[in-house]
Number of protein chains: 2
Amino acid sequence: MNNTNSSPSFHPLYQQIKILITQSLISGEWRPGEAIPSEIELASRFNVSQGTVRKAISELADENLLIRHQGKGTFVASHTEERRQLHFVRITSDKGGVIYPEGKLLECRRGKADSAIAKLLEINTGASLVVIKRLLNVSARPLLLEEIRLAAAMFKGLNADVINRHECKMYSMFESEFGIRITQVVEQIKAVAPNSEAVKLLKLNTGAPLLCIERVAYTYGDKPVEWRKSLCNSKEHYYMNKIV
Amino acid sequence: MNNTNSSPSFHPLYQQIKILITQSLISGEWRPGEAIPSEIELASRFNVSQGTVRKAISELADENLLIRHQGKGTFVASHTEERRQLHFVRITSDKGGVIYPEGKLLECRRGKADSAIAKLLEINTGASLVVIKRLLNVSARPLLLEEIRLAAAMFKGLNADVINRHECKMYSMFESEFGIRITQVVEQIKAVAPNSEAVKLLKLNTGAPLLCIERVAYTYGDKPVEWRKSLCNSKEHYYMNKIV
DNA sequence: GAGTGGTCTAGACCACTCA
DNA sequence: GAGTGGTCTAGACCACTCA
């Protein structure tokens with residue numbers, strides 16, 4: 001590959017390599033957790049220098065799509081990995097320290113997408129959905145009540161058994177059962193008064209306000225995959241965010 | 001500079017260059033908005049190759065401490081810059097689109113640090129504080145009620161006049177009046193019931209829950225500078241967060 | 001010892017800015 | 001045209017892993 005472009009629409013080689021690697025991730029040529037070819041192999045495959053491949057891989061590693069391990073190789077990032085299990089969980093205990101929520105499935109049924117959900121998931125209004133409700137406990141006390149909506153077409157065969165088999169761990173289940181890796185999430189956070197269902201299931205004193213976190217989760221190529229609404233009792237926990 | 005280290009405690013050259021550049025930022029050798037020397041000049045100053053300086057600068061640019069402009073040079077990042085004015089503001093309107101809050105100063109007085117604040121700001125318990133209260137309006141409607149606490153020792157001469165002269169824009173005021181640039185913030189978010197002051201100043205219906213955002217803001221070298229508590233009416237706005 | 005990614009260099013050439 | 005950062009290469013050597 002070479003770069004004979006002159007000024008208008010100049011695209012660096014390493015950007016093109018990034019796109020090629022991302023396409024291999026989308027196509028499933030390399031699956032989450034697997035090693036990708038070495039930098040030298042990729043360089044000869046794409047006909048560029050190792051340095052150019054390095055730059056492409058570095059940016060993909062910065063975006064958490066790949067993980068490099070000196071001496072071992074470069075791997076497709078996976079939600080199953082130890083340190084990424086709680087990557088998208090921003091709820092922290094007031095006492096400090098990580099929380100390890102236990103999920104309990106309340107419901108798993110089919111539904112239809114209204115226009116709002118359809119727009120967020122980039123599917124047609126009326127398309128079939130999987131609707132999931134779950135409760136998350138921390139130290140045996142209810143902390144989060146969640147409703148999750150997925151495009152049924154992408155999750156064929158998903159049911160309560162599958163979810164329970166994976167102990168309600170959704171994103172690692174997405175990967176191993178459906179080959180879908182969540183790469184980023186966007187959240188909108190509000191304070192709300194609890195509804196009666198939340199009061200009951202989260203065992204609240206009436207009047208206690210909740211955090212309401214609406215999330216859209218994306219896979220490779222910024223494709224939306226999941227919509228989620230979480231109600232969180234923030235009496236003894238908070239949502240943590242660091243802005244650099 | 002050369003790197004004669006063998007295995008134990010190996011520190012790459014570019015990391016050492018990063019530290020040297022950061023020290024120049026802390027010392028004020030280059031102030032926010034100013035250009036730093038060119039890569040070639042820095043390379044000869046530090047006795048390394050241009051590539052090594054580039055790697056150091058790239059990481060500092062990723063951390064938003066420097067900004068590179070092709071053809072012009074590399075500059076110390078500044079809060080005053082157009083696109084960074086709202087960098088730490090995560091509140092968004094339900095209708096979408098950026099908000100442009102107008103600040104109104106309610107109070108600026110001296111206080112003493114209790115042990116909790118002292119620990120967060122890494123100062124002594126009982127040390128003198130500047131305590132500021134302000135209200136932020138969007139489209140002439142009150143949205144945020146904030147209390148800010150600063151170590152008085154770092155902000156000598158700060159008073160209501162100074163704040164008003166800067167139209168209540170705190171972080172650009174920190175830079176131009178005190179040479180303190182905020183580089184990162186950490187926030188803890190909860191849902192709370194409003195107190196009577198918030199009900200009055202934010203013109204709430206009683207019972208409407210609020211987002212409570214507690215922030216610690218840091219300058220170069222992860223030094224804490226500001227503690228802030230914001231109460232936000234999330235009826236028509238939300239806190240936006242993207243996790244990659 | 002072979003293979004991986006990580007650092008560092010020197011040098012060529014390009015895109016962009018400004019006078 | 002001079003000066004800046006941006007891309008790309010080729011090559012040397014290092015740190016780390018694994019057999």
Side-chain angles (χ1 to χ4, degrees), chain A residues 1-21 30 33-78 81-83, chain B residues 1-21 30 33-77 81-82:
Chain A
M1 186 178 288
N2 64 356
N3 212 339
T4 47
N5 290 16
S6 54
S7 189
S9 81
F10 166 71
H11 290 295
L13 265 180
Y14 77 90
Q15 296 279 16
Q16 301 174 44
I17 305 298
K18 271 184 75 174
I19 291 169
L20 291 171
I21 293 175
W30 315 307
E34 289 179 9
I36 72 170
S38 74
E39 294 175 355
I40 290 172
E41 279 179 88
L42 289 173
S44 87
R45 166 160 159 185
F46 297 132
N47 267 301
V48 296
S49 75
Q50 189 185 357
T52 300
V53 170
R54 278 192 67 73
K55 180 142 186 175
I57 290 178
S58 293
E59 294 206 351
L60 292 169
D62 288 344
E63 296 164 26
N64 289 321
L65 300 187
L66 298 174
I67 298 187
R68 321 171 81 163
H69 290 294
Q70 188 176 10
K72 293 172 73 175
T74 301
F75 298 79
V76 182
S78 165
E81 231 176 296
E82 190 73 35
R83 48 183 275 279
Chain B
M1 188 179 285
N2 64 357
N3 212 340
T4 47
N5 290 16
S6 54
S7 190
S9 81
F10 166 70
H11 290 295
L13 264 180
Y14 77 90
Q15 295 278 16
Q16 301 174 43
I17 305 298
K18 272 185 74 173
I19 292 168
L20 291 172
I21 293 175
W30 315 306
E34 289 179 8
I36 72 169
S38 74
E39 296 175 353
I40 292 171
E41 280 180 87
L42 289 173
S44 87
R45 167 159 157 184
F46 297 133
N47 266 302
V48 297
S49 75
Q50 190 185 355
T52 300
V53 170
R54 280 191 66 73
K55 179 142 188 174
I57 289 178
S58 292
E59 294 206 350
L60 292 169
D62 289 344
E63 296 165 24
N64 290 320
L65 300 188
L66 298 175
I67 298 187
R68 321 171 80 160
H69 290 294
Q70 189 176 8
K72 293 172 72 176
T74 301
F75 299 79
V76 182
E81 231 176 299
E82 191 73 33

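Note on naming: letters A, B, ... go to the chains in the order of the sequence lines (proteins, then strands), and numbering restarts at 1 for each one.
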**Complete:** For B:Val76 and B:Leu66, the nearest pair of non-hydrogen atoms, with its separation, is CA-CD2, 4.0 Å

Return no unless some side-chain N or O of [X] is found under 4.0 Å from OP1 or OP2 of [N].
{"X": "B:Ser49", "N": "C:dC8", "result": "no"}
{"X": "B:Lys55", "N": "C:dT7", "result": "yes"}
{"X": "A:Thr52", "N": "D:dT9", "result": "yes"}
{"X": "B:Arg54", "N": "D:dG6", "result": "yes"}
{"X": "B:Arg68", "N": "D:dG6", "result": "yes"}
{"X": "A:Lys72", "N": "D:dC18", "result": "yes"}

Roughly how many Å is it from [atom1] in [X] to [atom2] in [N], rounded to a whole number?
{"X": "B:Leu66", "N": "D:dT4", "atom1": "CG", "atom2": "C1'", "answer": "15 Å"}
{"X": "B:Ile67", "N": "D:dG6", "atom1": "CD1", "atom2": "P", "answer": "12 Å"}
{"X": "A:Glu39", "N": "D:dC8", "atom1": "CD", "atom2": "P", "answer": "16 Å"}
{"X": "B:Leu13", "N": "D:dC13", "atom1": "CG", "atom2": "P", "answer": "16 Å"}
{"X": "A:Ile40", "N": "D:dT9", "atom1": "CD1", "atom2": "C1'", "answer": "14 Å"}
{"X": "A:Gln70", "N": "C:dA2", "atom1": "CD", "atom2": "C1'", "answer": "15 Å"}
{"X": "A:Gln50", "N": "D:dA10", "atom1": "CD", "atom2": "C1'", "answer": "10 Å"}
{"X": "A:Phe75", "N": "D:dC16", "atom1": "CZ", "atom2": "C1'", "answer": "13 Å"}

By nearest atom, which of the nucleotides [options] is closest to the [X] side chain?
{"X": "B:Ser38", "options": "D:dT9, D:dG5, C:dG5", "value": "D:dG5"}
{"X": "A:Tyr14", "options": "C:dT9, D:dC8, D:dA15", "value": "D:dC8"}
{"X": "A:Pro12", "options": "C:dT7, D:dT7, C:dT9", "value": "D:dT7"}
{"X": "B:Glu41", "options": "C:dT4, D:dT9, D:dT4", "value": "D:dT4"}

**Complete:** One should read off an interatomic distance between B:Ile36 CD1 and B:Ile67 CD1, to the nearest 0.5 angstrom, of 11.5 Å

**Prompt:** How long is the gap from OG1 on A:Thr52 to CG on A:Leu13, to the nearest 0.5 Å?
**Reply:**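 Going from OG1 on A:Thr52 over to CG on A:Leu13, the span is 6.0 Å.
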
**Request:** Both distances under 3.5 Å, Watson-Crick or G-U wobble: report the partner of D:dG11, or none.
**Result:**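 Here D:dG11 is engaged in a pair, and the nucleotide opposite it is C:dC8.
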
**Message:** Checking base pairs now: Watson-Crick or wobble, both atom distances under 3.5 Å. What partners D:dT17?
**Reply:** C:dA2

**Prompt:** Does any donor atom in the side chain of B:Ser58 or B:Arg68 lie under 3.5 Å from an acceptor atom in the other side chain?
**Reply:** yes

**Item:** Heavy-atom check, side chain of A:Val48 versus side chain of A:Tyr14, under 4.5 Å
**Value:**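 No, their side chains stay 4.5 Å or more apart.
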
